[in-house]
Amino acid sequence: MPKMIVSIDEVVIKEVQLTKDRTTLGRRPYNDIVIDNLAVSGEHAVLQMTGGDVVLEDLNSTNGTYLNGKAIKKQQLQNGDTVEVGKYKIKFVGDSAANNFDKTMVVMARPAGAKAVSGLASATSNAPTVMSDSSGMGAFHAAIKVLSGTASGREVPLTKVVTTVGKPGVAVAAITRRQAGFVVHHVEGAGNPTLNGAPINQTPVALKSGDVIELAGTKMQFMLL
């Protein structure tokens, strides 16, 4: 199944499988691929899939859609092509290549209507959504524990390279494992997360056991196990 790998500043933040004939991309929350950045139009582009072929079409966006560095209006995608919208880069992985794609550093986008992963989020609007994480990297001895809201007390092991938490369109942060430990940074959304009361921006900040992250009105504690 073909997929789009979304990254910013060389950090992969989500992976979206193309399961529909028409997949929309834009800033508005109703899009299939939401990129909450002012450089991205509300309805920026669309991906049309017919069989194994995927065609990218710009929807008269303000800042344009670029494919491999060149502005395009409508063009069929080839495996490995890179789409650029604003500061975001989106790599296209074709149907055949997707079956063997290494998911290291890939974050899965949560399908519409799906339940939250690992029970961190509840069905209420007050709890953040764990959109998912990358796979195949083995267990790491760290977790995040929810301190407030209806999911209070629940723990989610950080077993992967990248785990994202938050509400798309509101605030999303990513917790990334590095050789020296774990870091957190703000990915998207106007609602800035905080770490121990201090704002988190797009510059990764090292995490220590006991640190408290507040995101979309919910507090979570980072724990080394």
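Every value quoted in this text rests on a predicted model; they were computed, and no experiment measured them.
Pro157 and Ala143 make their closest contact through CA-CB, 3.8 Å (heavy atoms, listed as atom of the first residue, atom of the second, distance). Nearest heavy-atom pair across Lys14 and Val34 is NZ-O, 2.9 Å. Nearest heavy-atom pair across Ala206 and Leu195 is O-CD2, 4.3 Å. Looking at every heavy atom in both residues, Ala39 comes nearest to Gly86 through CB-CA, 3.8 Å.
When hydrophobic clusters are built by joining Ile, Leu, Val, Met, Phe, Trp and Tyr residues whose side-chain heavy atoms come closer than 4.5 Å, directly or via intermediates, Ile8 is grouped together with Val6. Tyr66 and Phe92 sit in two unconnected hydrophobic clusters of ILVMFWY residues. Membership requires side-chain heavy atoms under 4.5 Å apart, directly or through other members. Both Ile33 and Met49 sit in one connected hydrophobic cluster of ILVMFWY residues. Membership requires side-chain heavy atoms under 4.5 Å apart, directly or through other members.
Side-chain atoms of Arg154 never come within 3.5 Å of backbone atoms of Val146 as a donor-acceptor pair (strictly under, hydrogens ignored). Listed for the Asn68 side chain is a donor-acceptor partner under 3.5 Å among the backbone atoms of Thr82. Judged purely by atom type and a 3.5 angstrom limit, Ser41 has no side-chain atom pairing as donor or acceptor with the backbone of Ser61. A donor-acceptor pair under 3.5 Å is formed between the side chain of Asn31 and the backbone N or O of Gly42.
Taking Tyr30 as the reference, Glu43 meet the side chain to side chain donor-acceptor pair (under 3.5 Å) condition, with sequence neighbours excluded. Partners of Tyr88 according to the ring-ring contact (aromatic ring centres under 6.0 Å, His included) rule, which considers only residues two or more places apart in sequence or in another chain, do not exist here. By the salt bridge (charged side-chain N to carboxylate O under 4.0 Å, His left out) test, Asp58 is found to be paired with Lys73, residues two or more places apart in sequence or in another chain being considered.
Cluster note: Val212 groups with Leu147 through ILVMFWY side-chain heavy atoms spaced under 4.5 Å, whether in direct contact or through intervening members. In this structure, Leu59 shares a hydrophobic cluster with Val46, the cluster being traced through Ile, Leu, Val, Met, Phe, Trp and Tyr side chains under 4.5 angstrom apart. Applying the under-4.5 Å side-chain rule to Ile, Leu, Val, Met, Phe, Trp and Tyr, the cluster around Val183 consists of that residue alone.
Classification of Asp32 and Lys20 as a salt-bridged pair holds, one side-chain N sitting under 4.0 Å from a carboxylate O.
For the side-chain hydrogen bond (donor to acceptor under 3.5 Å, both in side chains) with Thr65, the qualifying choice from Glu84, His44, Gln75, Lys74 is His44, the only one to do so.
From His186, atom NE2 reaches atom CD1 of Ile200 across 9.0 Å, with rounding to the nearest 0.5 Å.
Proximity of Met4 to Leu18: side-chain heavy atoms (C-beta onward) are separated by under 4.5 Å at one or more points.
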